[in-house]
Structure formats: C-alpha cells, structure tokens
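Order of the sequence lines sets the chain letters (A, B, ...), proteins ahead of strands, with each chain counted from 1. Here the structure is a predicted model, which is why all the values come from computation and not from measurement.
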Amino acid sequence: MDLISDSDDGDGFQWESDEDDGDAIPPSNPPLPPDSAAGTSGKVSEASSSRSELVSHFMAMGFSEDMVVKAIEENGEGNSEAILETLLTHAAIEKSPVKREQSPIDCTFSSDEDVLGDDISDVSNFEYSSEDEDYTEGTSDKDRKLSVLVEMGFPADEAFSAINRCGPSASVLEIADSIHAAQLAADSAPTEDDLFPNWSENKAASSYACGSSVKNKRKLYEMKKMKQRGSFLDRKKPCFGQGNLDEGFRSGLTIPKPMIGFSLPNQKMKPANRILPEAAIGPPYFYYENVALAPKGVWETISRFLYDIEPEFVDSKFFCAANRKRGYIHNLPIQNRFPLQPLSSRTVQEALPMTKKWWPSWDPRTQLNCLQTCIASAKLTERIRTALANSDDPPPERVQRFVMNECKKWNLVWVGLHKVAPLEPDEMEMLLGFPRDHTRGGGISRTERYRSLGNSFQVDTVAYHLSVLKDMFPNGINLLSLFSGIGGAEVALHRLGIHLRNVVSVELSEINRNILRGWWEQTNQTGTLIDIADVQQLNGDRLEQMINMFGGFDLVIGGSPCNNLAGSNRYSRDGLEGKESALFYDYFRILDLVKNIMGKSF
DNA sequence: GTTATAATGACTCTACCG
DNA sequence: CGGTAGAGTCATTATAAC
C-alpha cells in the first residue's frame, strides 16, 4: 500500500488499515549505541536450535528477523519477556509513521483473566487528616455534608450520590441511612465486578502483613491502615467468609508489563472497546494522571473514586527518549488515537546527537530514566571523570559498575571524553514535548525550571490519549485544567490542533502560572484563559457560574501532586493522605461537582 | 531574601534460586 | 513457596553562596 502523505497532519491517521502490506521493519535501525553484542562478555550462548525457535516465534508476531536477533542478543535467550519489550520499544522507535509494522499485542493483552467474582474495591478507608479543617471553608452546604459523611467513614462517591438522592433538605443522618440502604442493596447484587475483566488480584499481598523485619515507620503505616480499616464500612460482602481480614493490605490491580496502556501508535491491533461504568460516562470527559509506582493501595483508591475506571498505565519511553511510568484514568474513547507529529526521537543518542560521539561502548543505555526535579551534583560528575581518567580504556568492571550506577541514578549523558553531565533544562523541555525555552526567562531560576519540568506531563504521551477529541470537537473545547503546572495539557491540545476556547487553569505556583500565561500569549491564542491559584477556592457556586458562562466544560484534566507518592521522596512518602497528594480529593470533588452541575442543566 | 549545591534511603516490583 | 538481590523512583532538607 502506499504512503499517507505527511501533509496529512494528524487528521487522516488511521492505524487500523486492513492489509499488512509490509511487515518489514526496514533494516535501518535507529542508531544503536556502539555497543555491539560481541563486546560485552559474550552473553550469547549457542543453543542454536532453541534460538532459531525463539526467532521464528517472534517473527511470527510480525517482527523482522533482523530486529529479533538483535533483541535476543541484547537480552539473552532466556528472557522472552524482556525480548518482547525490547522489540516493542524498537518497533515504537521506528520513525516513519507510514510504515506500520504489525505488533504482537494480542499476546500481551489478555493474558490473565482470572477474575473470580472477588471484590477488588477494598478502598473505602478514607479519612481527611486533622489538618484539613479548612477544607470545608468556602464550600457549599453540599460539600460540608460530604465532608462530614466522609469523616464518618463513608466512601465519598457513595456519599455524593446519596446527597443528591436525598435532596438538599436531608440531614446528614438521613443521608447516612440512605447510603447504608444502598450498600445493602449492592450486597445482594452479585454482579459489578464483571465490568473489569482485566483486573487481577495479587495473591501474594497477604504476606505483606507478616513481614518479619518491619521498621518503625512501616509499622506506623500499617497500624494507621489497620485503624482506618476498622472504621470504614465494607462496601460489599466478602466473597469468601472471613477472607477480608487482609483486605486493607491487598492490592487489587496489577500493572501490566510492558507498560503500554490500552494501545500504542504504530500498533496494528485495535484496542477492544471498553465498557465504562455508567457513572463514569461524560459529559464532561475527564483525564487524571499520577505516578504509576505509588505506594500500595493508592491506585485502588484513586480508581474507586474515579467511578471505578481501570487505570491505563503507560511508560512514556514508548513516546520519547526517557522513561516515565504513569497511570491515567479517563473516560475518553480509546479507538482511533493518533500520535503527535513529528514523532519524538526515542533514543538518547538520537534526541541528543552530540552525546553519540562520546557515548562509550560499555554504556548500553538507549533511553534515559525518569526525568525528575533534581540533578546530579558537580562533585559527582567530577568523581566519575577522575575515576575514568585513571582507568584503562575499557575501564575495569568495578569502575564500570560505579559509573553506570550513577549514570542511571542521575540520568547523566556523555558530553566529552570521560565527561558526563546532567540534562540541561532545554533538553528536558524537548524530551517532555514542550517548545524550546518554554520555561525559560520571565524571572524563573534554573532550579525552578528543573522543578517545574520534573513535575510535568510528557506531552506526546498525553496528546496521544487526547487525540480522539479532535474529531469530536472541531470547533474547539472548553477546558478545566487542575494542577496545570507548566501547561502540559494545554500544550498537548494545542499541538494536536484542538482549539482552546475557554481554559480555566488552576495552579498554585505563580511561576508556573506565568509560564502558562506566557505561552498562551506567545502562541496567539484566541480563546480566554482564566487562572486560579487555589483549588480550594473552586466551589460549586463558582463552577456553576463558569459552566453557565461557557456552556459547560468538555474536558476536566489534571495530575494531582505526586510528591507524597513518589519513590524519590525520603521524608514524606505518606501516600494519598499526604499533605499535597491529598489534593487528589479536590480533583474528585471538583470533577464530581462539574458532572452534577452539567448533568442538571445540560 | 533568594538561589544553587550536595547529601539524604525506603518502598516496590521483579527475577532468580533452591 | 520463601528468601535474596537488583533496579528504579514527577523529592526534601540543610547549608553554602550569591
């Protein structure tokens, strides 16, 4: 088949074309590091029979022999999972969007279907921490009732429904009764789990409680959970007698490997049509983001609040040259997605061509790890330089291990002989999909740039998910953007060619608000941008006013603070109840308000 | 007062092995 | 099945420098 012309610019992309014209991935692979399998301590064993079997196995999935051989050499024969991941990565790297190769997704998707009728929703252990008193300030009567009910131990989503059900004059006690009744009714209805065929249960989780060497902090954490567990009402009957004893420790969902979400660009297979729970269906559409590797139970809670939608876990390494493992919960359609153009480079050597010259053969990295908010110290890069300068050309094993460890930990790249360095802010902008100098100038310090960038969306990834909106809203959208940061959502939509009619952006940091405002003016937006500093100020009245003014929001998007969830946090990784990360509940609060207001008058 | 610098582990998940 | 080792992570804090 022939090529889709480049001028097509997004509109006409269709990945579901019928024929597998050219399987073939052109042999011109992206420039791999000069690593070359021969160099590294001959891991390639020769059991050629099993090997050729492996090769044909993957070729049957549609990968070229060339690629398969390379992938096997990289990972060793034993590790077929890793081989597959490498193949997927390289397939995604393939530049030209017109040369679709078919990908083997069938085998990675529906592998586990072992969902018994078991309860996956353990998560009603929700309490506002004591310092959240001011949560109720400036909010409506409805909000106050919700807050009280939640403190009583009711799941907020159920409390919300009950408040609406009972009407404005109902007392808290009446509402509580109503919730209870609804729970009893739900208990007798056996279905509901059937909606999530992909969720599986982590059976090993029960061993979590009996770990022998628990540190103090850990104990506290567990005791806290225990305490909370005692206080909430079970939403449904446990399926197996007293089996809910470890309910609070169970993690109900697993993160798929490879972390490709519901679909990737350049992938032949169409994602199956998912069935969303009734309460999840818009308007408005919504899109929520946070770190994938959060403490246990966090995503269960988030999902539970966001209408029981299954999270889509995606690693941005399939969209750019750096890892970024994130979970997304949204109610968008997932068919007919298309990627942002031009496609971003998916190897460091390609994205940062200057580094290629200095990249030593014993550094096998082709992609960076997650871009974070801090960079390596100059002392460290100097230690590395002297260590290498005092070694032979291929440095001894010990030195290599030291250097590789630090390079991975701090995302260092090669910028000279024996010289490694952290990324520059503009390089981070590029890797994350922002225009050059997006965060530069306007009185923003370098440190602040790193911080803001480290907290941002990866634009290509998000844009791929949002691309389905383009055909649905040819006249543009009204956007409610919470925790906007440096405007990843806005940039993604703009780059998709989706007109931004009215944007209400909520962002605490003045620096970030300035960045977004600067971008807005610089890109000659014709819509209106309203920025608000504090989510707490966004109450029902204000939302109702804006909704009436704009005719409703088409999309509510936001990634709530991750700092109490992120693994790098050594001081306050307190989970969803942490000081900042608890703002997730404001995302839910506002989203649900918008849904209710729009549900009434539209 | 603001900005840059450097030092500061733990929690998960996974692969592997016996 | 349990133990172990390895790897990766949208960060916070104290201090120096400006």
Given Ser263(A) and Arg337(A), is the side-chain hydrogen bond (donor to acceptor under 3.5 Å, both in side chains) satisfied, shown in steps? CA-CA 9 Å; Ser263(A) 72; Arg337(A) 290 168 164 177; 3.2 Å; yes
Of the nucleotides dT12(C), dC10(C), dG8(C), which one has an atom closest to the side chain of Asn369(A)? dG8(C)
With respect to the side chain of Glu289(A), which nucleotide from dT14(B), dC10(C), dT3(B) is positioned closest? dC10(C)
Using OP1 and OP2 only, check whether a side-chain N or O of Gln372(A) sits under 4.0 Å from dC10(C). no
Separation of Asn323(A) atom CG from dT12(B) atom C1', in whole Å? 16 Å
Taking the nucleotide of DNA chain B with the nearest heavy atom to each, does Ala294(A) or Gly567(A) sit closer to the 5' end? Gly567(A)
For dT12(C), does OP1 or OP2 lie under 4.0 Å from any side-chain N or O of Ser572(A)? no
Residue pair Ser344(A) / Phe319(A), side-chain heavy-atom distance below 4.5 Å: no
Under 4.0 angstrom, heavy atoms only, what part of the nucleic acid is Arg324(A) near: base, sugar-phosphate, or nothing? base
Heavy atoms only, 4.0 Å cut-off, all strands: where does Cys370(A) land among base, sugar-phosphate and nothing? sugar-phosphate
With hydrogens left out and only the distance checked, is there a donor-acceptor pair under 3.5 Å joining Arg326(A)'s side chain and the base of dC10(C)? yes
Taking pairing as Watson-Crick or G-U wobble with both contacts under 3.5 Å, can you name the mate of dC10(C), or confirm there isn't one? none
Would Trp299(A) and Phe313(A) satisfy ring pair (Phe, Tyr, Trp, His ring centres under 6.0 Å), going step by step from the backbone distance to the final call? CA-CA 11 Å; Trp299(A) 273 106; Phe313(A) 291 106; 5.4 Å; yes
Taking atom C1' in both dG6(C) and dG9(B), compute the distance separating them and give it to the nearest angstrom. 16 Å
Base, sugar-phosphate alone, or nothing: which one does Asn564(A) contact when heavy atoms must sit under 4.0 Å apart? nothing
Given atom CG of Leu371(A) and atom P of dA11(C), what is their separation to the nearest angstrom? 10 Å
Kindly say if Ser568(A) contacts the phosphate of dT9(C), meaning a side-chain N or O under 4.0 Å from OP1 or OP2. no
Check every strand shown and say whether Ser316(A) touches a base, only sugar-phosphate, or nothing at a heavy-atom separation below 4.0 Å. nothing
Which residue, Leu380(A) or Leu293(A), contacts DNA chain B at a nucleotide closer to its 5' end, judged by nearest heavy atom? Leu380(A)
With a 4.0 Å cut-off on heavy atoms, is Ala378(A) in touch with a base, just the backbone sugar-phosphate, or nothing at all? sugar-phosphate
Is there a side-chain polar atom (N or O) of Asn569(A) under 4.0 Å from OP1 or OP2 of dT9(C)? no
Tell me whether the OP1 or OP2 atom of dA4(B) has a side-chain N or O from Ser445(A) closer than 4.0 Å. yes
Let me confirm one number: the CG-OH distance from Leu480(A) to Tyr587(A), rounded to the nearest 0.5 Å. 8.5 Å
With the side chain of Lys296(A) defined as its heavy atoms from C-beta on, choose the nearest nucleotide among dA7(B), dG8(C), dT12(B). dT12(B)
Does the ring pair (Phe, Tyr, Trp, His ring centres under 6.0 Å) test come out yes or no for Tyr288(A) and Phe584(A), once each step is laid out? CA-CA 9 Å; Tyr288(A) 174 81; Phe584(A) 159 73; 5.3 Å; yes
When rounded to whole Å, the CD1 to P distance for the pair Ile384(A) and dA6(B) reads 13 Å
Using the six-membered ring wherever Trp is involved, compare the ring planes of Phe305(A) and Tyr585(A) and label them parallel, tilted or perpendicular (cut-offs 30° and 60°). perpendicular
Among dT12(C), dA7(C), dA4(B), which nucleotide has an atom closest to any side-chain atom of Arg451(A)? dT12(C)
Rounding to an integer number of Å, can you tell me how far Glu300(A) CD sits from dT12(B) C1'? 13 Å
Write down the distance between NZ (Lys579(A)) and P (dT12(C)), rounded to a whole number of angstrom. 11 Å
Spacing of OG1 belonging to Thr447(A) relative to CD1 belonging to Ile444(A), to within rounding of 0.5 Å: 12.0 Å
Whole-Å distance between dT12(B) P and Lys257(A) NZ? 18 Å
Nucleotide nearest Thr447(A) when distance is taken to its side chain, options dT8(B), dT3(B), dT12(C): dT3(B)
State whether Arg573(A) places a side-chain N or O below 4.0 Å from either non-bridging phosphate oxygen (OP1 or OP2) of dT12(B). no
Considering heavy-atom distances to DNA chain C, does Cys374(A) or Lys408(A) have its closest nucleotide positioned more toward the 5' end? Lys408(A)
If you check every side-chain atom of Tyr571(A), which of dA7(B), dT12(C), dC10(C) has the closest atom? dT12(C)
Reckon Thr373(A) has a side-chain N or O less than 4.0 Å from the OP1 or OP2 of dC10(C)? no
In the structure I gave you, are the side-chain heavy atoms of Val462(A) and Tyr328(A) within less than 4.5 Å of one another anywhere? yes
Roughly how many Å is it from CD1 in Ile444(A) to P in dA4(B), rounded to a whole number? 12 Å
Which nucleotide, if any, forms a Watson-Crick or G-U wobble pair with dG2(C), using both distances under 3.5 Å? dC17(B)
Euclidean distance, atom CD of residue Glu406(A) to atom P of dG8(C) [Å, nearest integer]: 12 Å
Heavy atoms only, 4.0 Å cut-off, all strands: where does Glu448(A) land among base, sugar-phosphate and nothing? nothing
